[in-house]
Amino acid sequence: MEKYNPEEIEIKWQKKWEESKLFEAKYKPEKKKFYILEMFPYTSAQIHMGHVRNYTIGDVVARYKVMNKYNILHPIGYDAFGLPAENAAIKQNIHPKEWTYKNIDTIRRQLKRLGISYCWEREVITCDSEYYKWNQFFFIQFFKKGLVYKKKAPANWCPSCQTVLANEQVINGRCWRCGEIVESKNLEQWFIKITEYAERLLDFYGIKNWPERVITMQKNWIGKSEGCEIYFFIPELNEILSVFTTRSDTLLGVTYLVLSPYHPLVEKILKFSQNNKEIEKFIEKIKRKSLTVQDILEIEKEGVDTKIFAIHPITQEKIPVWIGNYVLMEYGTGAVMAVPAHDQRDFEFAQKYNLPIKIVIKNPEWKEIPEKLDKAYEEPGIMINSGIFDGFDSEKGKEEVRKYLEKINKGKKAIYYKLKDWCISRQRYWGTPIPIVYCQKCGVVTEKEENLPIELPYEVKITGRGESPLKYVEKFVKCKCPVCGSDAERETDTMDTFVDSSWYFLRYASKDIKDKPFDKSEVNYWMPVDQYIGGIEHAILHLLYSRFFTKVLYDLGFVDFEEPFENLLCQGMVIKDGAKMSKSKGNVVDPEDMIKKYGADTLRLFILFAAPPEVDLEWSEKGIEGCWRFLNRVWKLHFEVKNYSEQNQENDKKLKIMINRVVKGVTEDIEKEFQFNTCIAKMMEFVNFLNKELSDKKVSRDILIDCWKKFIKILYPFTPHICEEMWKDLNEKNFLFNENWPSYEEIETIEEKISIGVQINGKIRGNIEVSPHLNAEQIYELIKNCEKFKKFIEGKKIINKIYIKNKIINLVLED
RNA sequence: GCGAGGGUGGCGGAAUGGCAGACGCGCUGGACUUAGGAUCCAGUGGGGAAACCCAUGAGGGUUCAAAUCCCUCCCCUCGCACCA
């Protein structure tokens, strides 16, 4: 027997797999398909344990499904655009392109070294103009459909780094890099109208199995609320103020209105109000404050009286108008009707400024209407003090008030969403150029499709300042108008990298990609993705954008499905010493070091064994050693099996039962929620059992070899290299990848005796061996005559016998 | 505050109404050995000499039977957070 040498075995098989193009996906419309996808890596320097976990889980699924005769697509690519490449350019004085491609080479090598069964022929690199050309193409299609527009909007601006930051780079209101408080800066930006798809994105029909929390997070992010717009006339300004409310039933309890300090009417108010000095002071104060999330939570409600009045649409009463710091311009109409009796925020504000509180909803538990409330009553109830609406249940009252308002033209049904349009402009170099041209004559026009791609110029000076470096690349900026041919200028902003990742999975699903983004029939065959695997951090952004993109492509007739990912698995983080592995914490374990020390199979095994896929995994040096020992035992056992020559059949049946049990267990645990940790535990049990069995020498060679082959097959998806080696050593010619997953028989059909638990009055008193075919009565007869149970039963009357087949029998005795 | 998930040996974790702690780590003892941080064997929730008793965050309930279902409470993690 040779010593187990993982490096030699693994590299040998990886080469063979590559030479035979074993994992190449083939479009076979007549075969049932399985598209297994893992979120592609961002091209930072190298892969980390999180990637290893993600990709190993995917590889087990892929290899398992192949053995179950699915036609598999298991692709990989690189998310290659993005800010870190520019930061590296500044810091290391290296061009973003060189940096990115160098990293891709490293990552590719590392993935191959892990032995993941990728179809390398379909690799996608998003910074390749062959790919981003189609970002530009889709942008133009979206533009034609009216889904793209430009507007001035506040962007996250870091005054110290002199650059715009993406939302996700703003942590608690501060810059992720330098910690400076992020400011808001108005810039012209390109937007895609994702809000037009809000309703369809809320519909998760077509999604089979996603973690509930991801769906909840998306629903919250979209944030639909149904209510009513109500119009208050302001005579002094001769303006109508529209407010949004979900509680139209409380309309008669309105005692004042509140505008956001950013509300457009504020300017006019400043002109007309006698209180304008104070208002100005207040607004100054609000705008000066840059607030972090924490601040907003702790901040006290403050406001200023405009001394201007609005007219209540129903009672015609004069309602004071205030400006308050607790009203958001970004939501609803930027103005609210305040009902302090039934809204806690309004209640606090009213108390502070001595504004009246009018109760209009009666808590059914109140015996009488209280004089004073100590907090707002926000639950439903019966409408009171509401004129013609008195006596209505508040839920029904919402409808009634709304209908009445509609009749008198003072309001209408309205739905608002938290979701904002997707800002895709980035003032950066390393991204897809937006295919827009500014022409003196024709205005803003899209580039002609035949002129794509608009290539990113290589020669550029990256400064890290707030403007796109492309602005200073004359060769890039100067162009001809695609409509009239006169001199024009290009847009210099590039696209958010989330555009790249919104359709990469379609590109994979297509072999023929010359002159088109993807092949429609092949994409319709492979899609939707049957199993998507990735981190929870993409719960909203990437997954929402991809769903949106797919729906638009459906509407444009590019694809025949609306949901890209049917099943989603979010794997947990890899942590060490209780914290996520990170350079700053100094607790990083490098996968390559581990592969050097133990081999890829051991690393894969450990990462699958230490925890179920969706929970966080605590790294353990001792744990990986345990897996190393296990594979060494398997290796040793293999040679003992191979050289075994006994023909004693005494325990053959027992061995058959064991292999059936483990095949059944592993199959079921993979099928059910990918419980790879218990699969491995079951295989370890089998190895422990077989070890003993071999020293007893009571099984026959043929049966043993047969069982061992089955075992190699089920271990294969987890640790493919060592399995290929053992497989070939048994004179098998096929790759295991092309073998069938073993079948199993139900235990009852092969097992003669089963050990069941014996309970007396619900207490376990021991075990008994019985045939699986016996019934409760027959088992009871056995127990009655069994010495160890006699003393519990003798002289007592049995009032019930509960037998759970093959598990337990409970005898209930009279007291 | 709201929403979701979770709390089981010294540790990672099994068991989703049916023998709690599978499997692995660690630990203890033994074998082999010049040596062992290699390998193999045995043991390992707590109490007890034993029969047995007690144990799944705390307390109550349902059931022949509860880690699992129901109620009350405590703690941890994540997400959202002035959303009108």
Side-chain angles (χ1 to χ4, degrees), chain A residues 211-221 223-225 227-228 230 243-248 250 258 260 293 296-301 324-328 330-339 342-346 348-349 378 416-419 536-537 539-540 572-573 578 605-606 609-612 614-627 629-630 632-633 636 665 669 675 677-688 691-692 695 755-768 791 799-813:
Chain A
E212 201 48 49
R213 61 189 168 138
V214 174
I215 292 178
T216 309
M217 278 161 81
Q218 292 208 353
K219 283 183 180 165
N220 289 344
W221 184 262
K224 178 181 183 174
S225 70
C228 187
I230 302 177
V243 302
F244 174 66
T245 180
T246 55
R247 290 296 302 270
S248 47
T250 62
V258 194
S260 159
V293 174
I296 289 167
L297 284 184
E298 286 154 18
I299 200 167
E300 206 187 329
K301 290 175 186 28
N325 65 349
Y326 73 103
V327 177
L328 303 173
E330 303 84 64
Y331 188 76
T333 63
V336 300
M337 60 178 218
V339 185
H342 305 293
D343 182 292
Q344 188 57 27
R345 292 159 302 181
D346 299 339
E348 284 165 28
F349 193 84
E378 295 181 323
Y416 278 90
Y417 300 92
K418 256 169 60 182
L419 182 71
I536 187 77
E537 64 273 19
I540 294 167
M573 293 185 298
L605 191 70
F606 170 70
F609 177 61
E614 67 281 2
V615 309
D616 287 352
L617 181 153
E618 174 77 34
W619 182 263
S620 154
E621 193 63 34
K622 291 286 182 192
I624 192 169
E625 270 171 33
C627 290
R629 279 199 284 270
F630 171 71
N632 274 284
R633 273 202 297 277
K636 208 179 114 205
D669 288 356
Q675 294 300 311
N677 55 332
T678 55
C679 292
I680 294 166
K682 279 164 189 162
M683 291 189 281
M684 286 171 166
E685 257 177 290
F686 179 76
V687 165
N688 293 343
N691 222 352
K692 236 179 237 147
S695 49
S755 168
I756 64 163
V758 177
Q759 287 186 334
I760 289 150
N761 281 337
K763 276 215 160 81
I764 284 291
R765 295 299 178 182
N767 286 51
I768 190 168
K791 60 181 172 186
I799 49 178
N800 206 355
K801 306 181 194 83
I802 295 141
Y803 175 46
I804 307 300
K805 200 163 164 35
N806 301 340
K807 284 192 173 150
I808 205 164
I809 185 161
N810 189 9
L811 304 177
V812 187
L813 308 181

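A quick note: this is a predicted structure, and the numbers were derived from the prediction, not measured. Letters A, B, ... mirror the listed sequences (proteins, then strands); counts begin at 1.
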*Length of the line joining A:Gln218:CD and B:A4:C1', which is rounded to integer Å*: 15 Å

*Does a side-chain heavy-atom distance below 4.5 Å link A:Ile764 with A:Val758?*
no

_Between B:U68 and B:U63, how far apart are the two C1' atoms, rounded to whole Å?_
13 Å

_Nearest whole Å is fine: how far is B:A84 C1' from A:Asp343 CG?_
6 Å

_P gap between B:G37 and B:U28, integer Å_ = 11 Å

*Roughly how far apart, to the nearest Å, are B:G79 and B:G9 at atom P?*
27 Å

_Base-paired stems that RNA chain B participates in, counting runs of 3 or more Watson-Crick or G-U pairs under 3.5 Å_ = B:1-7 with B:74-80, B:10-12 with B:23-25, B:26-31 with B:39-44, B:45-47 with B:52-54, B:57-61 with B:69-73

_Just the rounded figure in Å: distance from C1' of B:A81 to OH of A:Tyr331._
13 Å

_Rounding to an integer number of Å, can you tell me how far A:Lys219 NZ sits from B:A4 C1'?_
13 Å

_Can you tell me which residue among A:Leu328, A:Val327, A:Asp343 is in a side chain to side chain contact (heavy atoms under 4.5 Å, CB included) with A:Val336?_
A:Val327

*asked:* With a 4.0 Å cutoff (strictly under), does any side-chain N or O of A:Arg765 reach OP1 or OP2 of B:A51?
replied: no

*Heavy-atom distance under 4.5 Å between the side chains of A:Met337 and A:Thr250, does that happen here?*
yes

*Quick check: does any side chain N or O of A:Asn677 sit under 3.5 Å from a backbone N or O of A:Ala611, one acting as donor and the other as acceptor?*
no

_Between B:U16 and B:C78, how many Å separate the two P atoms, rounded to a whole number?_
28 Å

*asked:* Is B:G30 syn or anti, taking syn as a glycosidic angle within 90° of 0?
replied: anti

*Taking protein heavy atoms under 4.0 Å as touching, what does nucleotides 9-28 of chain B look like 5' to 3' if B marks base contact, S marks sugar-phosphate-only contact and - marks none?*
---BSS---BBS-BBSSS--

_Using a 4.0 Å heavy-atom cut-off, does A:Val258 contact any base of the nucleic acid, only the sugar-phosphate backbone, or nothing at all?_
nothing

_Rounded distance in Å between the C1' positions of B:A38 and B:G45_ = 30 Å

*Over 60° means perpendicular and under 30° means parallel, so classify the ring planes of A:Phe244 and A:Tyr331, tilted if in between.*
perpendicular

_Whole angstroms only, please: what is the CZ-P distance between A:Phe244 and B:C82?_
16 Å

*Could you state the CZ-C1' distance from A:Arg213 to B:G3, rounded to the nearest angstrom?*
13 Å

*asked:* Could you tell me how far B:G26 sits from B:G18 if I compare only their C1' atoms? Round to whole Å.
replied: 32 Å

*asked:* Please check this pair: side chain of A:Arg247 against backbone of A:Glu378, looking for a donor-acceptor N/O pair closer than 3.5 Å.
replied: yes

*Report the relative orientation of the aromatic rings in A:Tyr326 and A:Phe349; use parallel for angles under 30°, tilted for 30 to 60°, perpendicular for over 60°.*
tilted

*Return the value, rounded to whole Å, for the distance between atom NZ of A:Lys418 and atom P of B:C2.*
16 Å

*Is there a donor-acceptor pair closer than 3.5 Å between any side-chain N or O of A:Asn810 and the backbone N or O of A:Ile802?*
no

*How far, in whole Å, is B:A22 from B:G43 if one measures between their P atoms?*
13 Å

*Salt-bridge contact A:Asp669-A:Lys682 (side-chain N to carboxylate O under 4.0 Å)*: yes

*Mapping A:Asn220 and A:Ser225 onto RNA chain B by nearest heavy atom, which one lands closer to the 5' end?*
A:Asn220

*A:Lys418 side chain to A:Asn220 backbone, donor-acceptor under 3.5 Å*: yes

*Whole-Å distance separating the NZ atom of A:Lys692 from the C1' atom of B:A42*: 10 Å

*On a whole-Å scale, what distance lies between the C1' atoms belonging to B:A67 and B:A20?*
7 Å

